[in-house]
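Have a look at the structure below, then the notes.
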Amino acid sequence: MPESPQPAHGRDNATDGLRAEKKPGVARASAARASAGRHVHTSKAAGAQLTAAASADTHSHTTASSVPAAADAPAALPKTYHPRAIESPLFTRWMQAGYFSRDAGGFADNTLPPFTIVIPPPNVTGMLHMGHALNNTLQDILIRQARMQGRPTRWIVGTDHAGIATQNKVEQRLIERGLTRFDLGREAFVEACWKWRQEFGSTIIEQLKAMGCSCDFNNERFTLDEGYVQAVRKVFVDWYHQGLVYRGNRIINWCPRCTTALADDEVVHVEEMGHLWQLRYPLVEPQDGRAYLVVATTRPETMLGDSAVAVHPDDPRYQPLLAAGARLRLPLTERTIPLIADQYVDPHFGTGALKVTPAHDPNDFELGRRHELEFINIFDERAVVNHNGGRFQGLSRAEAREAVLAALKEADLLETTHDHVHAVGHCYRCDTTIEPWLSEQWFVAMRELAAPAIAAVREGRVRFFPDRWHTVYFDWLENIRDWCISRQLWWGHRIPVFYCESCGWQDALIQDISDCPRCGEPLRQDEDVLDTWFSSQLWPFATYGWPATRGFEHQLECYYPTQALSTARDIIFLWVARMVISSLYFIDGQVPFTDVLIHPTVLDKKGNIMSKSRGNGIDPLELIERYGADGMRFGLALQVTGSQDLRFNADTLLGARNFATKIWNAARFVLQSASDKSDACSGPAQATPVCPQPVTPADRWILSRLARLAVFLTDEADDYDFGTRARALYGFFWNEYCDWYLEYSKGQLADTTLRYSTIANLVYVLDKALRLLHPYMPFITEYIWHLLPHGDARPHLMVAQWPDATALTRFIDPSAEALIGHLNGIVAALRSIRARYGIGARQELDVVVNVCGSHAKNQARLLIQQEQLLRHLGRIARLCIEAGATRPAHAAVIVGEEMEIFVPLEGLVNLDAEAARLAKEHKRAATELTKREGKLANPGFLSKADPIQIEKTQTEATELRETLRRLQAQIEALH
RNA sequence: GCGCGAUUAGCUCAGGGGGAGAGCACUACCUUGACACGGUAGGGGUCGUUGGUUCAAAUCCAACAUCGCGCACCA
């Protein structure tokens, strides 16, 4: 769609795959396989024997030829993760398997509610910019999760013909050959546009593929497709016949470079430093010694088109002149103009006298109408002064300004010049200063159409996320003005109005006709085309073939409205509101979508909007090159928040890439462990490794954590909080699965009685984690999943099932979480002591743990049961855990909440340093206790606070007192 | 002018009425059999200012300051 200018960096290599994909040739497919094969290792899939159900392919349609089964995949991960090497081949496989269509290659469950997204169609001239990268990452996350949840999904994709942008591109190419579009003529020019589209128009689609977007690429749409043309014509013709589309002679926003009209919202206002000039307009008949009036203007050149001077009717300064019907001599011209009175004039601004230029200012236009003034157009379509400008004819706007000022100065009619900041309109496509220009244009009467669109959001039939954006929507619709829809371009939907020059017949028609139905004379079609947004507004339903294609009713019945629309906030009214309007009107009062996601704007590191003119844009394809598509996607998702714009931070993408590497290496460890066929691995445990086996507290703990994560990510609440979800995935995988479970598992793997169950859990949790991660990082998860003995019959992770959060809740285990919390605490304490005394990781320690607290004996028993794990992770030689253990001599000390940890370090331990450290902790705890005691001594707290809070505070106070007592005891013991 | 958002560790940002958090950066140690794109242990913040509400405010409210965005513009 037409969009704000964004930095574009061409990349030739990115276009390869698309062109090939459109005609999937044999050569292309085999090339892809060869590419994938670079990483095929010859050893057999070592984990295959552990795979319970992998061979049970219940889906006969997924033949080996179209979708390589898991067995074809490499058996081990290469040591190094190279995102670029795995991404493109995987994408080809997904495409070939037909997963991007509604039935997901046959894996969709038709009994579930469908999930549909329409992409904001990028301009056919577009290059992927950061806004696209973010927006399409988010949409892909949504659609991939829905697909894995079994819902029939479709992400409708296509491009927008982008009238002005495309025409500019093609004209630019003509200019390079010394030609203009007029040299070619309309027909040949439009032909050239189509040719351009064929040659270059797929770039952005190709870039979406590089990102891994799972759009329905086999059903790509274009807003100038044959069927789409029919939709546009029906809308125009219906509205024309309803009187909602009309023609009028109005002041519109004119771009003199694009030589076309623009809609109000296609004009970008920029504050600029200009001048305010005061001009003297001589009175035809001086009165009371007054020879002239002074008017102020920021655009002196427009005085050539003045047809009056206006003052406020009650302004006492001008009463005598008004009464006398004074006229003024318009400088530099032969004309005299009247002095008129109008309420519009602000008597307090300047001299209270306003020059009136009805053909070049919207407000003056209204004045001109009310007072039946002359409308004098002084500019041609390129904003060059025309014959109405007398001797200034032929000058550009800027030249005319200089010349007019010089002439006025010479005639002593220029009174003052002041600096003046004012907002100047610019063309949103080419940044040229807009000229308010009087011309004949087509308009849509919006007020009547807007009312239902306002109601739809008020009633919650369409919801905005974040919610506050609905105010932008309401503000626009409630103050709506008529929409100028005609453009003086050649590339676009030509206005289907036909005129008979001889008898005056005129009508809007669905089908072209050449002769007048009334008199038989040849007809002339309107020369103008429609605003690109006029066609974009139909995107959600025109892409279903409405109103012409057979079967569209069924499509709309099943899959309409769509679920989510994700877009940038700057097109809430340009596009979103208009889609709601047209859908309500034409699709039986239905909204086009239920949820509108307004994603953050991607800013540069300094907080500036990225733009071509600033040159601060970042090319997403370079990011993909550097961090992988997965890294870019996850890095962007991590930065999404509901309320803030996204100040782009490449460090976060680096973190995401490192996270991908972490996943890769964790998977290498799991695969190695699972494939190790040592004796320890044989035996009765050779059952189904994909079944979790919560044997040890560590097992129960990681399964519990996994269950909580799955519940969180599956939560039905549509909060669209991508950042929080991404952070939860990151935290779980890195800080829980890798940092702790993988480390505990190393100890368990060494234990023959635990080895098999541990492998099962490693594989099981990795499998589930990959599923949960897949929507965010589709490539690396897919690649690893293929090698994993996950026991799933589905050929690809992309269509594998989303973890059943409800079923997983049976693993939630607070006692395991508490116990592992204690074990982790002991390990961390030992590491801290090692760091403090410079004891290497290899040197084993003797450790005494004194378990305290009310359940000390039971707690000690539980910890003793985990002695092996502790020894492994803590590198412990002699370990003594008991309730009431005393501190050995020469021991370093850590006082925890419910335990004391002693490490005898004869000759090493610095008793004074230990005492000082304990004293510091004592002080800290004492401060905390004081806070609690203060609260508990506060009658207000005791009488008004939540009882749970009071109890919590009391418990904490008790614990702190106990901790302090023990700290004190240890400090004393050290002396 | 009207409206919206932001202000938390050096940087980018989460969080959100009752114990200040993450990533990066920084310091020290570790080439331990998944990973140096790594591991471990650390240092670092009166949560923009001023009031108010509350037993309790970084968190809610108001005003102000600063920054950003949008809309509307008086020529």
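Letters A, B, ... are given to chains in the order of the sequence lines, protein chains preceding strands, and every chain is numbered from 1.
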(message) Quick one, A:H418 and A:W277 - any side-chain contact, counting heavy atoms below 4.5 Å?
(response)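 A side-chain contact under 4.5 Å is absent here.
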(message) When you compare the side chain of A:Q639 with that of A:N649, does any pair of heavy atoms fall below 4.5 Å?
(response)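 Yes, side chains in contact.
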Taking only the side-chain heavy atoms of [X] (C-beta and beyond), determine which of [options] contains the nearest atom.
| X | options | value |
| --- | --- | --- |
| A:A828 | B:rC69, B:rA41, B:rC37 | B:rA41 |
| A:Q639 | B:rU12, B:rC73, B:rG18 | B:rU12 |
| A:A945 | B:rC55, B:rC35, B:rC73 | B:rC55 |
| A:R842 | B:rU32, B:rU40, B:rC73 | B:rU32 |

For [N], does OP1 or OP2 lie under 4.0 Å from any side-chain N or O of [X]?
| X | N | answer |
| --- | --- | --- |
| A:R875 | B:rC30 | no |
| A:K606 | B:rG68 | no |
| A:H420 | B:rA75 | yes |
| A:T471 | B:rG3 | no |
| A:R647 | B:rC13 | yes |
| A:K952 | B:rG18 | no |
| A:S832 | B:rG42 | yes |

(message) Quick check: any donor-acceptor pair below 3.5 Å linking the side-chain of A:E743 to the base of B:rA34?
(response)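 Yes.
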Regarding [X] and [Y], does a basic nitrogen lie under 4.0 Å from an acidic carboxylate oxygen?
| X | Y | result |
| --- | --- | --- |
| A:R961 | A:E956 | no |
| A:K606 | A:D604 | no |
| A:R871 | A:E844 | no |
| A:R481 | A:D265 | no |
| A:E301 | A:R397 | no |
| A:E921 | A:R924 | no |

I'd like the [atom1] distance from [M] over to [N], given in whole Å.
| N | M | atom1 | answer |
| --- | --- | --- | --- |
| B:rG51 | B:rC71 | C1' | 32 Å |
| B:rG21 | B:rA9 | P | 14 Å |
| B:rU49 | B:rU66 | P | 15 Å |
| B:rC29 | B:rU12 | P | 30 Å |
| B:rA20 | B:rG45 | C1' | 8 Å |
| B:rC61 | B:rC11 | C1' | 32 Å |
| B:rA22 | B:rG33 | P | 28 Å |

(request) Just call it for A:R481: base, sugar-phosphate, or nothing, with non-hydrogen atoms closer than 4.0 Å on any strand. (result)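 Counting heavy atoms under 4.0 Å across all strands, the contact made by A:R481 is with sugar-phosphate only.
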(message) Taking Watson-Crick (N1-N3 plus N6-O4 or O6-N4) and G-U wobble (N1-O2, O6-N3), each under 3.5 Å, can you produce the dot-bracket string of RNA chain B? Use [ ] for crossing pairs and | for inter-strand ones.
(response) (((((((..((((....[..)))).(((((.......))))).....(((((..]....))))))))))))....
(message) Determine whether a donor-acceptor pair (N or O, by modelled atom type, separation under 3.5 Å) exists between the side chain of A:S832 and the backbone of A:A828.
(response)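 No, the answer is negative, given that no donor and acceptor are paired below the 3.5 Å cut-off.
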(request) Find the distance A:N938:CG to B:rC55:C1' and express it as a whole number of Å. (result)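 Value for this atom pair: 5 Å.
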(request) Starting at OH of A:Y720, measure out to CZ of A:R725 and round the result to the nearest 0.5 Å. (result)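 The OH atom of A:Y720 sits 10.0 Å away from the CZ atom of A:R725.
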(request) Could you encode protein contacts along nucleotides 5-10 of chain B as a string, one character per nucleotide from 5' to 3', using B for base contact, S for sugar-phosphate-only contact and - for no contact, with a heavy-atom cut-off of under 4.0 Å? (result) SS----
(request) Apply the test ring pair (Phe, Tyr, Trp, His ring centres under 6.0 Å) to residues A:F573 and A:W476: give CA-CA distance (whole Å), side-chain angles for both, the deciding distance (0.1 Å), then the verdict. (result) CA-CA 7 Å; A:F573 32 82; A:W476 187 73; 5.5 Å; yes
(request) On RNA chain B, check which nucleotide each of A:R932 and A:F648 is closest to and give me the residue with the more 5' one. (result)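 The answer here is A:F648.
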(message) Which is more 5' along RNA chain B, the nucleotide nearest A:R657 or the one nearest A:L646? Just name the residue.
(response)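 In this pair, the answer is A:L646.
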Please list each protein N or O that sits under 3.5 Å from an N or O in nucleotides 20-27 of chain B, with the distance.
from   : atom 1 : to     : atom 2 : distance (Å)
B:rC24 : O2'    : A:D651 : OD2    : 3.2

